[in-house]
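Whatever order the structure lists ligands and atoms in, that order sets their numbers, starting from 1.
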Amino acid sequence: MKHMGIFAGLFAALLFSAAQAADPIVIKFSHVVAPATPKGKAADKFKELAESYTKGVVKVEVYPNSQLYKDREEMEALQLGAVQMLAPSLSKFGPLGVRDFEVFDLPYIFPNKTTLYRVMDGEIGARLFAKLEPKSIKGLAYWDNGFKQMSANKPLKNVEDFKGLKMRIQSSKVLDAQMRALGANPQVMAFSEVYTALQQNVVDGTENPMSNLYTQKMHEVQKHLTLSDHGYLGYAVIVNKAFWDGLSPDIRAQLEKAVKEATAYERQIAQEENDESLAKVKAAGTTEIYILPNEGRAAWHKVLLPVHEQFADVVGRDNIQAIYKIAADVQKEMDAARVKKPAAPKKSPAKKK
Ligand code: LMR
C-alpha cells in the first residue's frame, strides 16, 4: 500500500513536469498605448503575475503601441481568436454594437473616482460585461486612466473657441455629440494616427488624459492645453470567451488572481502617472497650459450636460440614473466624514516657567 502512495506521488510529479514541458498556453495581449502608461504598465504586471502563478504554463506576450492591431482591428482579432486579451477604452465598444459602454463618455458624469469605481465594480459594470458574452467576449476587469483634458493649437478657454475646430475623437457617438455641443467638428481616428494627424493639421485638436498625451508626444504638436477634466477615459480588460472557457479551472483561477492584482496595481498608479505626465509636459515648455476656472467650467457644463438627456435612450436611462444616485451617495458620505472629523485640538498656550 505504501508503495502505491509513492507511485501515485511520482505519477503526479511526472504529470506536472510534463505539463510544464509541453508547449505553454500563449496569451497574446494587444494594446494601443505606450508601455509607460497606466494600461501599459498593468499589462506588463499581468504578464509577470500570470507567468509566475501558473509556473510558466501560461506565457503572456504583450504587444503595445498598436504593434499588432489598431483600435478597431484589435476587437475583430479578439473575436476571431487571433489575440486572446485586450484592454480597449470604454469608448470603443460602439462599433461592436454595445453602445451602453458609452455611458462612461458622458461629459461630467463622474464627479470623483470613488463614484467611478463603484459604477465599474457594481451592478452597472457587471451588466455591461454580460452584454459582451453573445459577442464571444468575456469581461474580466475595469482599468482606470483618468479625466480628459482638451488640447489644440489655439487657446480653448470659452465654448466659442471650439467653433469650427476639427477635433479627433474615439469611435463613440457620445463623444461625437460632446464635440458638436461645443461647436467643433468631431473626427473619429485610430489612436496610432493621432500624432501625425495633429502634426500635419489634419485635425486641430484632441482630448485625452495626460499620460496618453505625453507618451504620444502630442504636446510637441499642440500649442495649447486646457485642464478641463470634462470627461473620463477607462478600460475594459477582455478576453476571447471560448479561449477563457476552455482553460482548466485551476489555470483560470490563477489567471483571475493575476488580473485582480494587476487591476489593484493599475488603479493605484493611474493618477500618479497622469500627474507625472502633466509635470513633464509643463517642463517641456512646448505647450501653454490653462486651468479652466470655475466660471469657465460652468459655461462648459451648460452646453455639455444636455448630452446626458440626448443619449439617455442609447446608453440606458437606468444606467444614468443609477450613476447619479451613486454620485449623490458618495457625496453624502464625504460630507458626513467631514462633519465627523474631530476639529484639530487648539494649541494650549505655552506654560510659563
Ligand atoms: C484613445 O484612442 O484616445 C485611447 O482610447 C487610447 C487608450 O487606449 O488609452
S.K.: Would you please name every residue forming a salt bridge (Lys or Arg N to Asp or Glu O under 4.0 Å) with Lys166, sequence neighbours left out?
M.R.: none

S.K.: Give me the ring orientation class for Tyr232 and Phe104: parallel if the planes are under 30° apart, tilted from 30 to 60°, perpendicular past 60°.
M.R.: tilted

S.K.: Using 30° and 60° as the class limits, which term best fits the ring planes of His230 and Trp300: parallel, tilted or perpendicular?
M.R.: tilted

S.K.: Is the cationic atom of Lys157 (NZ for Lys, CZ for Arg) positioned less than 6.0 Å from the six-membered ring centroid of Tyr290 and within 45 degrees of its normal?
M.R.: yes

S.K.: Identify every side-chain donor-acceptor pair in residues 135-142 under 3.5 Å, counting partners at least two apart or on other chains, and give the distances.
M.R.:
unit_1: Lys135; atom_1: NZ; unit_2: Leu96; atom_2: O; d: 3.3
unit_1: Lys138; atom_1: NZ; unit_2: Glu133; atom_2: OE2; d: 3.4
unit_1: Tyr142; atom_1: OH; unit_2: Gly125; atom_2: O; d: 2.7

S.K.: Enumerate donor-acceptor pairs with a distance under 3.5 Å from any side-chain N or O in residues 61-69 to protein atoms, sequence neighbours excluded.
M.R.:
unit_1: Glu61; atom_1: OE1; unit_2: Tyr63; atom_2: OH; d: 2.5
unit_1: Glu61; atom_1: OE2; unit_2: Lys59; atom_2: NZ; d: 3.4

S.K.: Run through ligand 1 for me and note each protein residue having a heavy atom under 4.0 Å from it, chain first, then residue number.
M.R.: Val32, Val33, Lys39, Ser89, Lys92, Arg168, Gln170, Phe191, Asn208, Asn212, Leu233, Tyr235

